[in-house]
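Following: one structure in structure tokens, then a few remarks.
Every heavy atom of this structure was used, including side-chain atoms; hydrogens, water molecules and symmetry mates were not. Because the structure is predicted, anything quoted here is derived from the model rather than measured.
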Amino acid sequence: MRLTCPICGERDRREFYYKGDAIELDRPNQDAGLAAWDDYLHNRDNSAGEIRDLWHHAAGCGAWLIVTRNTLTHAVSRCELVEKDTR
């Protein structure tokens, strides 16, 4: 798989490290039970189709990217820089 870093251009996937879903997960309250925390830490949907992932260009410019890709075709449709929340 090839990813196009907005800074460095097209690169092999081995320059990047996958860091998980790029969606905001609902974190349980501090006093939630063990089952809620176990679910939060270990269980994710295994969606078929388009997803958004967080990747780090560790062997390149060091940028953090959101990669939109299809889990069925492995096609990458978009790579964008992560923007800081300035609220």
Side-chain angles (χ1 to χ4, degrees):
M1 182 167 69
R2 309 239 345 136
L3 299 176
T4 303
C5 174
I7 297 170
C8 302
E10 187 175 308
R11 299 288 192 263
D12 188 84
R13 193 227 43 92
R14 291 174 288 192
E15 287 190 16
F16 301 84
Y17 284 95
Y18 172 78
K19 296 295 185 175
D21 292 330
I23 60 170
E24 195 169 315
L25 301 173
D26 292 326
R27 185 183 177 113
N29 291 327
Q30 185 175 352
D31 58 349
L34 290 178
W37 279 101
D38 181 60
D39 185 56
Y40 172 74
L41 292 171
H42 302 290
N43 296 319
R44 299 286 183 267
D45 291 335
N46 190 9
S47 302
E50 190 171 272
I51 61 169
R52 290 168 41 99
D53 296 325
L54 184 62
W55 291 73
H56 181 228
H57 194 181
C61 64
W64 287 88
L65 307 174
I66 294 177
V67 175
T68 304
R69 63 187 181 92
N70 189 303
T71 60
L72 297 173
T73 65
H74 303 290
V76 175
S77 59
R78 186 173 180 155
C79 293
E80 56 193 309
L81 291 173
V82 173
E83 295 183 21
K84 292 182 181 179
D85 187 358
T86 58
R87 285 184 261 165

Only distances under 3.5 Å count here; give the side-chain donor-acceptor pairs of residues 50-62 to other protein atoms, sequence neighbours excluded, each with its distance to 0.1 Å.
residue	atom	partner	partner atom	Å
Arg52	NH1	Glu80	OE2	3.2
Asp53	OD2	Arg69	NE	2.4
Asp53	OD2	Arg69	NH2	3.0
His56	NE2	Gly62	O	3.3
His57	NE2	Glu15	OE1	2.7

Self-check item: Counterpart residues, side chain to side chain donor-acceptor pair (under 3.5 Å), relative to Asn29 (two or more places apart)
Solution: none

Exercise. With side-chain contact (heavy atoms from CB on, under 4.5 Å) as the test, would you mind laying out the steps for Leu65 and Leu81 before giving the verdict?
Key: CA-CA 5 Å; Leu65 307 174; Leu81 291 173; 3.6 Å; yes

Quiz item: Which ILVMFWY residues can you reach from Leu34 by hopping between side chains whose heavy atoms are under 4.5 Å apart?
Solution: none

Quiz item: Would you say Leu3 and Val67 make side-chain contact, with heavy atoms under 4.5 Å?
Solution: yes

Exercise. Indicate yes or no: at least one non-hydrogen side-chain atom of Ser47 is less than 4.5 angstrom from one of Thr71.
Key: no

Quiz item: If you draw a 6.0 Å radius around OH in Tyr40, do more than 12 non-hydrogen atoms from other residues or ligands fall strictly inside?
Solution: yes

Under the side chain to side chain contact (heavy atoms under 4.5 Å, CB included) test, residues paired with [X] that sit two or more places apart:
{"X": "Glu10", "value": "Arg2, Thr4"}
{"X": "Ala32", "value": "Pro28, Ala36, Trp37"}
{"X": "Asn43", "value": "Asp39"}

Practice problem: Among residues two or more places apart or on two chains, list those pairs meeting salt bridge (charged side-chain N to carboxylate O under 4.0 Å, His left out) that have a residue in residues 26-38. | Solution: none

Exercise. Flag yes if Val76 and Tyr17 sit in one hydrophobic cluster, no otherwise; membership is Ile, Leu, Val, Met, Phe, Trp, Tyr, and two members link when side-chain heavy atoms are under 4.5 Å apart.
Key: no

Self-check item: hydrophobic_cluster_shared for Ile7 and Phe16, side chain cutoff 4.5 Å
Solution: yes

